[in-house]
There are 2 protein chains.
Amino acid sequence: MATKRTSISDIAKELNLAVSTVSRALSGHSRISEATSKRVWKLAEKLNYQPNHLAAALRKGRSNTLGVIVPHIDGHFFALVIKGVEAVANKAGYNVMLCQSNEDYVHEQKNIETLMNAQVDGVLVSLARTTHDFKHFEKVRKRDIPLVFFDRILDGVNVSAVVLDDYQGGYQSVQHLLEQGCRRIAHFGGPQHLNIYKNRYAGYCQALHDHGVPFDQELVVFGDMTLADGMRSMTELLQLPQRPDAVFSASDFSAVGALQVLKQHQLRIPQDIALTGFSNETFASFTEPMLTSVDQRCEEMGGAAVRLLLEMVQERPTQLSPRKILLQPQLVVRESSRCRQE
Amino acid sequence: MATKRTSISDIAKELNLAVSTVSRALSGHSRISEATSKRVWKLAEKLNYQPNHLAAALRKGRSNTLGVIVPHIDGHFFALVIKGVEAVANKAGYNVMLCQSNEDYVHEQKNIETLMNAQVDGVLVSLARTTHDFKHFEKVRKRDIPLVFFDRILDGVNVSAVVLDDYQGGYQSVQHLLEQGCRRIAHFGGPQHLNIYKNRYAGYCQALHDHGVPFDQELVVFGDMTLADGMRSMTELLQLPQRPDAVFSASDFSAVGALQVLKQHQLRIPQDIALTGFSNETFASFTEPMLTSVDQRCEEMGGAAVRLLLEMVQERPTQLSPRKILLQPQLVVRESSRCRQE
DNA sequence: CTGAAAGCGCTAACAG
DNA sequence: CTGTTAGCGCTTTCAG
């Protein structure tokens, strides 16, 4: 029945060697004779030896596991980021332990506990929407465990991070709408304590400014970026004496909400109101009209984040200087904003 | 700088107790005095003691980690399943290690290696599309590590598994279409070596049969269930001398493909051709018309799968009798098939 | 180049 | 109820 795993000491016994010798041979140490090394490897293979990582981890104080905390995993952004993370991590010989905070601050704290208990060698985090402070991460830093944030970071805190240039994403979206002839461009914004939403908004403002279009406060609606929220915001905008001729939404979900409301009101897209979203979700090309959106280079982000983390894990002097990586977004133009005829 | 973790022995020293006593107190052992227990807990709290799980795992031979292998993580089905898995696993004090096979057999084998090395206590698997045999799982069984499959299982192999009653899903979809007055109902089917597609197809056939509608081979098109594939299949069907009046697609993606083709051909949905998909993807309510689909109870599936796995992990006699759990699907009727007028 | 021995932090007999 | 002791399997000095 259950076959006992073969251990280093089994091999050592069989070969009349010391465990230390076998250990060294197996871990490709230099100061070992070609001959013994061969013998060890051959027997290891034959006995189907599998190293006990737990033991090694305990001894070395490193687990070869990285922890990742994301707000959630549904919706393709984080899914793709994780794909990127896994690919790079596995290639480098690391395992990945995944936690979801469910957009909840308290849950996020628990996740940190979990990962610390699992002795991960480094942590990758994208903040929950409800996270406003940094207390729980102090613990990580105290233990001197490398920490890298991605996408959603807390503003004004000096940490290593990989983020999309959301400002550019916003800027390009609005510039594109302006080029299509739109002048009253509205914005659906998210919680402003999160860098991503703040920057998208900033890009929006700057683009308007640079093109000499006056900023109008009543065209900006903040919300939580769900589909329902988008419906609410759009309904609100349609009640203005002079309605907008375009909407730049900071999320594809609320953009779809807007889209549904516009259809209910028999308004044509993009002729009456042009529409752009953010994230380039899978469904962006499933709606009608297809939704213009901003691609966030998800997999690249995941890859870049782990690479940064691994650098920190491998070379010691961690605290020296937090590094930031800025990824360039890509505007994907589709029907909902294209070829606008005046 | 890096604070050293406090260990059990630190606490023991401080309190003039034996490590074993402290250990027992901390793990809520019964045979310990109320008083010492209190003292231990208090100090542990004060020193912010965090148990070293690796050490415990090494000692106990169990890692308190479960491994999960999924084909991929994008697309909401697996995302939600994983959410369910995590919720239940974490509540039971287990960590989850996630691997993606990328729908690739070879990659799946590597994932198994990875998880075995990480010493997981149990493995949860949903097969890659390209997996046709079971060799790599033998290793898991040899080691007597509990193994539970979910959703995608290999046909005819006797293992524990949690699956959706895909047959029912197919049956209900077709029955619903029949009730709407459709008679020439087509089917987009997936790779038939996978249980899920095979059963959806079987449900389709049986429903037709039970309602006295003759089966017509030319109305069944097999493919790989992508959006492009749906477009191809639909185009093919439209070339028939007598076109179908409904399509039951085994995937929402190919259903959307069909939907796009139908629109290009100026056909009305559901009046000219009714349409139903499978999986109830997020975007099912984003299309126009909204897509009728079958909900797969994703989170329940994840939860049920871990619970089954944990039972096996906790009580020893593993090999006794593989258990199967069958979840009932739920038809979600939306515009693409509703209130059909003849 | 190889061996002996110590110990990572925890648990589980076995004794009191 | 508490203490003593022995290891889980591996890496890593320190000696040869």
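Values below: every heavy atom of this structure, side chains too, minus hydrogens, waters and symmetry copies.
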Practice prompt. Classify the ring geometry between A/Phe149 and A/Phe134 as parallel (under 30°), tilted (30 to 60°) or perpendicular (over 60°).
Written response: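 Geometry flag for A/Phe134 against A/Phe149: parallel rings.
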Discussion item. Can you tell me which nucleotide in C/dG9, D/dC10, D/dG3 comes closest to the side chain of B/Leu58?
Written reply: C/dG9
Item to complete: Answer yes or no: does a side-chain N or O of B/Tyr49 lie under 4.0 Å from OP1 or OP2 of C/dG9?
Response: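 So the side-chain polar atoms of B/Tyr49 never come under 4.0 Å of the phosphate oxygens OP1 or OP2 of C/dG9.
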Worksheet item: Is any side-chain N or O of A/Ser33 closer than 4.0 Å to OP1 or OP2 of C/dT2?
Response: yes
Worksheet item: Over its full length, what angle do the end axes of the helix from C/dC1-D/dG16 to C/dG16-D/dC1 make, each axis taken from five pairs and the result rounded to 10 degrees?
Response: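 It works out to 40° between the end axes.
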Discussion item. Just the rounded figure in Å: distance from P of C/dG7 to CZ of A/Arg59.
Written reply: 10 Å
Worksheet item: Do side-chain atoms of B/Asn195 reach the backbone of B/Asp151 as a donor and acceptor pair under 3.5 angstrom?
Response: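 Yes.
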Discussion item. Does D/dC10 have OP1 or OP2 under 4.0 Å away from a side-chain N or O of A/Ser23?
Written reply: no
Worksheet item: Any side-chain donor-acceptor pair under 3.5 Å between B/Tyr49 and B/Asp10?
Response: no
Discussion item. Under 4.0 Å, counting only non-hydrogen atoms across every strand here, what does B/Leu17 touch: a base, just sugar-phosphate, or nothing?
Written reply: sugar-phosphate
Worksheet item: Hey, is the side chain of A/Thr21 poking within less than 4.0 Å of OP1 or OP2 on C/dG3, counting only N and O atoms?
Response: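 So the side chain of A/Thr21 is within the cut-off, an N or O lying under 4.0 Å from OP1 or OP2 of C/dG3.
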Item to complete: Whole angstrom is fine here: how far is it from CG in A/Asn52 over to P in D/dC8?
Response: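 Taking atom P of D/dC8 as the reference, CG of A/Asn52 is at 11 Å.
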Worksheet item: Is the phosphate of C/dC1, meaning OP1 or OP2, less than 4.0 Å from a side-chain N or O of A/Thr36?
Response: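 Checking C/dC1 against A/Thr36, no side-chain N or O comes under 4.0 Å of OP1 or OP2.
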Worksheet item: For A/Gln119 and C/dC10, what is the distance between atoms CD and P respectively, to the nearest whole Å?
Response: 9 Å
Worksheet item: C/dT11, C/dG3, D/dT11: which one has an atom nearest the side-chain heavy atoms of A/Ala56?
Response: D/dT11
Worksheet item: Which heavy-atom pair separates A/Ala161 from A/Val148 by the least distance, and what is that distance?
Response: CA-CG1, 4.4 Å
Worksheet entry | d(CG, B/Leu15; C1', D/dG3) in whole Å | 15 Å
Fill in: B/Thr131 and its side chain to side chain donor-acceptor pair (under 3.5 Å) partner, picked from B/His193, B/Arg152, B/Glu108
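The residue from B/His193, B/Arg152, B/Glu108 that satisfies side chain to side chain donor-acceptor pair (under 3.5 Å) with B/Thr131 turns out to be B/Glu108.
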Item to complete: Examine the base of D/dG3 for any acceptor or donor lying under 3.5 Å from a partner atom in the side chain of B/Arg24, and report the outcome as yes or no.
Response: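 A donor-acceptor contact between them is present.
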Discussion item. Using a 3.5 Å distance criterion without hydrogens, assess whether the side chain of A/Asp121 forms a donor-acceptor pair with backbone atoms of A/Arg62.
Written reply: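 Checked: no pair found.
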Fill in: Comparing B/Lys60 and B/Ser37 on DNA chain D - which has the more 5′ nearest nucleotide
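Closer to the 5' end of DNA chain D: B/Ser37.
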Practice prompt. Round to the nearest Å and state the distance from A/Ile8 atom CD1 to D/dC8 atom P.
Written response: 14 Å
Worksheet item: Base, sugar-phosphate alone, or nothing: which one does A/Asp10 contact when heavy atoms must sit under 4.0 Å apart?
Response: nothing
Discussion item. Side chain of A/Ala55, heavy atoms from C-beta onward: which of C/dA4, D/dG9, C/dG9 has the nearest atom to it?
Written reply: D/dG9
Item to complete: Could you state the atom-to-atom distance from CZ of A/Arg39 to P of C/dC1 in whole Å?
Response: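 Whole-Å distance recorded here is 15 Å.
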Worksheet item: Under 4.0 Å between a Lys/Arg side-chain N and an Asp/Glu carboxylate O for A/Glu138 and A/Lys135?
Response: no
Item to complete: State plainly whether the residues B/Glu300 and B/Arg307 are in salt-bridge range, i.e. N to O under 4.0 Å.
Response: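 Judged by the 4.0 Å cut-off on N to carboxylate O distance, B/Glu300 and B/Arg307 do not form a salt bridge.
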Item to complete: Round to the nearest Å and state the distance from A/Leu54 atom CG to C/dG7 atom P.
Response: 22 Å
Worksheet item: Looking at the side chain of B/Ser20, which of C/dG9, D/dT4, C/dA5 is the nearest nucleotide?
Response: D/dT4
Item to complete: Check every atom of D/dG9, D/dG3, C/dT2 against the side chain of A/Ser7 and return the nucleotide holding the closest atom.
Response: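 Out of D/dG9, D/dG3, C/dT2, the nucleotide with an atom closest to A/Ser7's side chain is D/dG9.
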Worksheet item: What is the distance, rounded to the nearest whole Å, between atom CD of A/Gln50 and atom C1' of D/dC8?
Response: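 Distance, rounded to whole Å: 18 Å.
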